[in-house]
Amino acid sequence: MACTIEDVTDQFDPLDVDKPLGDLLVGHEGDTSKFLITVLEFLKRKTNFFKEPDSKRRVLDAYKAVSGEEPNAGRGADLGSYSWTQTLQEVSVAVPVGKGLKAKQLDVVASKQHIRVGVKGQQPIIDGALSEPIKADETMWNLSDGVVELTLTKAEGMHWWSSVVAGGPAIDVQAVEPESSKLGDLDPETRQTVEKMMFDQRQKAMGLPTSEEMQKQEMLKRFMAAHPEMDFTNAKIMP
């Protein structure tokens, strides 16, 4: 539901948003909480947003749309037409198609960057570009009790997917962590990679530098110490 705006131009260009919002955030000394309060106070003064009965839910919905939904127990999502879970190496997708069907009646295609699942002659249940590439030749699927179960092997492992279909409902990958009890089952190299990924996710969530950024900062400090004759006043760490 749209809200009524008072005394504000209705002209809007998405390309012009970053600079004024960035300036506004700087004006709040980088304090995002104060920044958000200012935005909400603007809505309260200039619109009927807070007079709507579902205003709180809409704020939460906006947050979820940006950050992503909380992942399910399998580090994926339970959606209306299908559900999915994941490990660092694979994605499992479960698509209900109805009981009484046989495999030859189904249309199941998974290429490197596209997935389609449905019943032949009907509108596909899933049909879209994958959010991440897969190893198509390793894809497996079967029909069990009216549900198509697919196993997709990630082409680029060691990180979490936010969604199966590009542009589809996404999860908050920062909220995804493997069970600590299972870390001990991993080989040393994989465990080190997983722990690094978990550390970087926590750092990003707190607005702190990742392990790679910390390493770059340390390298710059050592270089500065070795070259005191150089001026590093405007030196910046590039991402």
Side-chain angles (χ1 to χ4, degrees), residues 1 54 56-99 101 106-119 122-136 138-183 185-186 190 193-206 210:
M1 181 182 296
D54 61 345
K56 183 176 181 180
R57 178 188 60 78
R58 290 164 65 191
V59 170
L60 294 175
D61 287 346
Y63 171 82
K64 290 179 180 179
V66 174
S67 66
E69 295 278 357
E70 285 291 316
N72 61 20
R75 309 176 192 93
D78 299 316
L79 307 175
S81 56
Y82 67 95
S83 62
W84 64 281
T85 61
Q86 65 177 318
T87 65
L88 286 170
Q89 293 80 27
E90 296 179 339
V91 174
S92 299
V93 185
V95 187
V97 293
K99 295 183 178 182
L101 294 172
L106 302 176
D107 178 25
V108 181
V109 180
S111 62
K112 182 179 180 180
Q113 295 183 316
H114 194 277
I115 185 172
R116 184 175 71 246
V117 181
V119 179
Q122 299 181 17
Q123 187 75 15
I125 299 171
I126 302 177
D127 188 12
L130 289 164
S131 65
E132 305 266 2
I134 63 171
K135 298 179 181 178
E138 296 184 17
T139 298
M140 297 183 294
W141 71 272
N142 69 288
L143 177 62
S144 176
D145 198 24
V147 178
V148 174
E149 299 173 339
L150 297 96
T151 300
L152 311 176
T153 301
K154 298 178 179 179
E156 302 170 359
M158 307 315 296
H159 73 281
W160 304 117
W161 284 18
S162 61
S163 65
V164 173
V165 178
I171 63 168
D172 180 4
V173 294
Q174 294 184 355
V176 176
E177 288 191 9
E179 296 180 21
S180 299
S181 59
K182 293 185 178 180
L183 287 176
D185 298 334
L186 302 175
T190 302
T193 301
V194 172
E195 290 177 338
K196 175 180 179 296
M197 182 178 64
M198 293 168 62
F199 173 80
D200 287 343
Q201 287 179 347
R202 288 193 294 267
Q203 290 290 99
K204 288 181 180 179
M206 296 185 292
T210 64

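Reckoned from all heavy atoms, side chains included, excluding hydrogens, waters and symmetry mates. What you see is a predicted model; the values in this text were computed from it and never measured.
- One finds the OG1 atom of Thr85 at 9.5 Å from the CD atom of Glu90 (value rounded to the nearest 0.5 Å).
- For the residue pair Ser163 and Pro169, the shortest heavy atom distance occurs at CB-O, 3.4 Å.
- Here the straight-line distance linking atom CZ of Arg116 with atom CG of Leu106 works out to 12.0 Å at 0.5 Å rounding.
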Evaluate the criterion side chain to side chain contact (heavy atoms under 4.5 Å, CB included) for residue pair Glu132 and Lys154; output intermediate values, then yes/no. CA-CA 8 Å; Glu132 305 266 2; Lys154 298 178 179 179; over 6 Å; no
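- Taking every heavy atom of both residues into account, Pro133 and Trp161 meet most closely at O-CZ2, 3.9 Å.
- Residue Trp160 holds its CH2 atom at 6.5 Å from OG1 of Thr87, rounded to the nearest 0.5 Å.
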Checking side chain to side chain contact (heavy atoms under 4.5 Å, CB included) for the pair Val164/Leu130: CA distance, chi angles, key distance, verdict? CA-CA 6 Å; Val164 173; Leu130 289 164; 4.1 Å; yes
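- Partners of Lys56 according to the salt bridge (charged side-chain N to carboxylate O under 4.0 Å, His left out) rule, which considers only residues two or more places apart in sequence or in another chain, do not exist here.
- Residues Trp141 and Val95 fail the side-chain proximity criterion, which asks for heavy atoms closer than 4.5 Å.
- Under the 4.5 Å side-chain criterion, counting only non-hydrogen atoms from C-beta, Ile126 is in contact with Val93.
- Distance CD1/Ile125 to CG/Leu79: 13.0 Å, rounded to 0.5 Å.
- Side-chain contact between Asp107 and Val119 is absent, with no heavy atoms from C-beta onward closer than 4.5 Å.
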Audit row: Ile171, Trp84, side chain to side chain contact (heavy atoms under 4.5 Å, CB included) steps and yes/no: CA-CA 11 Å; Ile171 63 168; Trp84 64 281; 4.0 Å; yes
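- Closest heavy-atom contact between Asn72 and Ala77: ND2-N, 3.2 Å.
- Here Asp127 contributes atom CG and His114 contributes atom NE2; the two are 4.5 Å apart, rounded to the nearest 0.5 Å.
- Remark: Asp78 engages no residue in a salt bridge (charged side-chain N to carboxylate O under 4.0 Å, His left out) (not counting sequence neighbours).
- Of all the heavy atoms in Ala136 and Ala110, the pair that sits closest is CB-O, 3.8 Å.
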Can you give the donor-acceptor pairs under 3.5 Å from side chains of residues 146-153 to other protein atoms, not counting sequence neighbours?
unit_1, atom_1, unit_2, atom_2, d
Glu149, OE1, Asn142, ND2, 3.4
Thr153, OG1, Glu138, OE1, 3.4

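- Atom CD of Gln86 and atom OG of Ser162 lie 8.5 Å apart (nearest 0.5 Å).
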